[in-house]
Amino acid sequence: MYQGSCLCGEIRYEISGEIKAIVCCHCSECRKAQGSAFATNGVVAENDFKLLSGEHLLSRYEPSRGYAKFFCSRCGSPIISKSEQKPGVVRVRIGTIESVITERPMAHIFVGSKANWEEISDSLPQFENFPP
Ligand SMILES: [Zn+2]
Ligand SMILES: [Zn+2]
């Protein structure tokens with residue numbers, strides 16, 4: 001069981017299952033959305049993700065058709081994304097989780113579009129875009 005929240009604390013959520021396939025995504029969309037070198041996202045079954053509070057503040061932005069990012073409209077924290085192409089799961093921005101996370105990132109993805117000032121200094125596998 002994991003608990004997380006946005007920066008202002010209005011949105012709170014709980015994850016009851018495991019967090020799978022944690023990746024650091026360096027694509028330009030994730031960089032813009034986080035204001036950072038990359039986003040660290042994990043896959044969680046939609047049924048395992050439960051909003052505890054702040055649902056009215058959860059705003060939706062669709063950078064492309066069938067793909068939506070959800071964030072706190074008060075403080076701007078990115079929380080999850082959903083894709084119509086991957087039904088049944090949400091991708092959680094795991095930096096918003098407060099609990100101790102036992103799973104670990106498994107790869108860097110979209111390294112082909114990483115920021116030119118960023119140097120990846122760990123030994124995780126790197127992929128130009130999606131992992132094969
Ligand atoms: Zn907030
Ligand atoms: Zn990305």
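Both counts, for ligands and for their atoms, begin at 1 and track the order of listing. Here the structure is a predicted model, which is why all the values come from computation and not from measurement.
- Neighbours of the Zn ion (ligand 2) restricted to protein N, O or S atoms under 2.8 Å: the count is 3.
- Between Phe110 and Phe130, the ring planes are perpendicular. Angles over 60° get that label, and only those under 30° would be called parallel.
- Residues satisfying the salt bridge (Lys or Arg N to Asp or Glu O under 4.0 Å) test with Arg91, not counting sequence neighbours, are none.
- In this structure, CZ on Phe127 lies 9.5 Å from CD1 on Ile109, to the nearest 0.5 angstrom.
- Using a 4.0 Å cut-off between a side-chain N of Lys or Arg and a carboxylate O of Asp or Glu, Arg60 and Glu62 qualify as a salt bridge.
- Taking the six-membered ring where tryptophan is involved, the planes of His108 and Phe38 are perpendicular, since the angle between them exceeds 60° and thus also 30°.
- Looking at Val43, Asn41, Ile94, Val92 one by one, the single match for side-chain contact (heavy atoms from CB on, under 4.5 Å) with Ile22 turns out to be Ile94.
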Distance-only donor-acceptor pairs under 3.5 Å for side chains of residues 3-12, two or more places apart:
residue	atom	partner	partner atom	Å
Gln3	NE2	Glu14	OE2	3.0
Ser5	OG	Glu98	OE2	2.4
Glu10	OE2	Arg74	NH1	3.2
Arg12	NH2	Glu98	OE1	3.1

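- Protein nitrogen, oxygen and sulfur atoms, that is N, O or S, within less than 2.8 Å of the Zn ion (ligand 1) amount to 4.
- In this structure, Phe70 CZ and Leu57 CG are separated by 14.5 Å, a value rounded to the nearest 0.5 Å.
- In this structure, a donor-acceptor pair under 3.5 Å is absent between the side chains of Ser16 and Tyr2.
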